[in-house]
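Taking it in order: structure first as structure tokens, then the write-up.
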Amino acid sequence: MEQRTGLYHNTPYQHTPTIYDRIQIGKGTTILPGKKDPAVAHLIDHVLEHGYVILPNLFTPTEVSAANAELARLEALESSGPASQGGRNPFEGFQTKRIYALVDKSRVFDTFAINETVMKLNDYFLQPNFLMTSFHTVNIGPGSKAQEIHTDDGLIALPRPRPLMGIGTMVAIDDFTAENGATTLIPGSHLWDDERNPKREEMIPAIMPAGSMVYFLNTLWHSGGANTSQTWRRSMTVQYCQPWIRPYENFTVAMGWEDLDQVPQRLMRLMGFSTHDFMGYVDGRSPRAGVEMRKKRLIEWAFKEKEKGKMSKL
Ligand SMILES: O=C(O)CCC(=O)C(=O)O
């Protein structure tokens, strides 16, 4: 089979890609190109070459101020999750706040996860039926140190060049500046082999106004920046992954939560009531803790529904 290498794949999209259509970009990443919508072709080319692209003012001022107001509301609630009041480890950053499981907490953020331009870019970089793998806020407070430099596929132990397994995005809710902790990234580092280690001095800040997004391959080295300013840097991250990064059966939903105590612990972990490092978290905590929270809420909801039923009969 002919192996195509290089930066560009200009073959028109005619058929469902197979593994033999994959291309290698540099020494770091292989991709199976999907549909190249002409409307985003220039953005795709930028990502192929640099590993990222900034999408200025992707969201309207109205969407951004609605997100801002909703974030302020959620941050005031302890029920917004364990990291909403402060980061718990060096990766989250101790002077940060994260609200996980945004889909569960509000409908205001939905629009940020299903943006049309992003879906078109994902149609090229990921396979059909791609999934969302995380969606949460990352707010970096004054005095916060730079985050550890990482790639978002770092927990997946495969050598480079490795298949692209996902896409990361950061949505600026405040202007991102070099001082307030804008995401920093190393342009072109998606092309590196395993031998090359990232250095802080190679990083550039993704400076962009509120409402913009930086979209990047998850083989790109990056980190949250240090916040040397007096104000918070608020943002959301929406990340997507290949559709095949999941077990065949979705056991955490298939299994009746009322019967969990009867299942051997080892089997529970096999079914996904477990984490691999932080992969598999539920609202920033263990899946089992997440299920208990969900059961409590379902019971409260059922009582309320019952009460409503009573009221409507009066
Ligand atoms: O906060 C940022 O700018 C980046 C955060 C990040 O890359 C992460 O937490 O995985």
Side-chain angles (χ1 to χ4, degrees), residues 47 51-56 58 64 67 71 75 81-84 86-102 109 112-113 118 132-156 164-187 189-190 198 200 202-229 231-241 245 275-281 283-285:
V47 177
Y52 75 98
V53 66
I54 291 181
L55 307 171
L58 193 62
V64 174
L71 279 188
E75 278 195 351
S84 66
R88 301 159 294 174
N89 52 56
F91 188 79
E92 284 180 338
F94 294 110
Q95 276 139 300
T96 68
K97 292 180 181 174
R98 291 183 180 220
I99 300 175
Y100 291 98
L102 286 178
F109 306 108
F112 296 93
V118 174
M132 185 164 75
T133 178
S134 57
F135 185 16
H136 58 84
T137 62
V138 190
N139 297 344
I140 298 186
S144 196
K145 294 195 180 72
Q147 190 187 31
E148 161 197 335
I149 307 174
H150 62 280
T151 62
D152 285 338
D153 64 356
L155 292 175
I156 305 175
L164 181 73
M165 282 168 284
I167 291 293
T169 75
M170 295 295 304
V171 179
I173 297 299
D174 293 309
D175 293 345
F176 269 28
T177 69
E179 293 73 39
N180 75 359
T183 307
T184 55
L185 47 87
I186 307 184
S189 56
H190 63 306
R200 188 67 65 189
E202 295 171 287
M203 307 195 93
I204 59 158
I207 296 172
M208 52 188 180
S212 307
M213 168 190 278
V214 55
Y215 176 101
F216 53 96
L217 304 182
N218 76 357
T219 46
L220 189 82
W221 289 101
H222 67 280
S223 81
N227 187 344
T228 56
S229 78
T231 55
W232 281 79
R233 185 222 72 179
R234 284 167 303 173
S235 71
M236 269 176 273
T237 179
V238 197
Q239 299 175 22
Y240 306 88
C241 69
I245 303 192
T275 52
H276 173 62
D277 201 313
F278 56 81
M279 263 179 175
Y281 66 78
D283 199 15
R285 56 194 123 186

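Since the model is a prediction, treat every value here as computed from it, not as a measurement. Note that ligands are numbered from 1 as they come in the structure, with each ligand's atoms numbered from 1 the same way.
For Tyr52 against Val214, the heavy-atom pair with the smallest separation is CD1-CG2, 4.0 Å.
Applying the salt bridge (charged side-chain N to carboxylate O under 4.0 Å, His left out) test to pairs two or more places apart or on separate chains, those with a residue in residues 89-99 are Arg88-Glu92. Pairs passing the side-chain hydrogen bond (donor to acceptor under 3.5 Å, both in side chains) check and including a residue from residues 205-227, sequence neighbours excluded, read Thr29-Thr219, Asn122-Tyr215, His150-His222, Asp152-His222, Thr184-Ser223, Arg200-Ser223, Asn227-Ser229.
A donor-acceptor contact under 3.5 angstrom links the side chains of Asp153 and Thr151, judged on distance only.
Judged as a side-chain hydrogen bond (donor to acceptor under 3.5 Å, both in side chains), and not counting sequence neighbours, the contacts of Glu202 are Arg196.
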Every pair of nitrogen or oxygen atoms between ligand 1 and the protein that is under 3.5 angstrom apart - can you list them with their distances to 0.1 Å?
from     : atom 1 : to     : atom 2 : distance (Å)
ligand 1 : 1 (O)  : Arg233 : NH1    : 3.4
ligand 1 : 1 (O)  : Arg233 : NH2    : 2.9
ligand 1 : 3 (O)  : Thr183 : OG1    : 2.6
ligand 1 : 3 (O)  : Arg233 : NH1    : 2.8
ligand 1 : 7 (O)  : His150 : NE2    : 3.1
ligand 1 : 7 (O)  : His222 : NE2    : 3.0
ligand 1 : 9 (O)  : Arg98  : NH1    : 3.3
ligand 1 : 9 (O)  : Arg98  : NH2    : 2.8
ligand 1 : 9 (O)  : Gln147 : NE2    : 3.0
ligand 1 : 10 (O) : His150 : NE2    : 3.1

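Relative orientation of the Phe278 and Phe91 rings is parallel, given thresholds of 30° and 60° on the angle between their planes.
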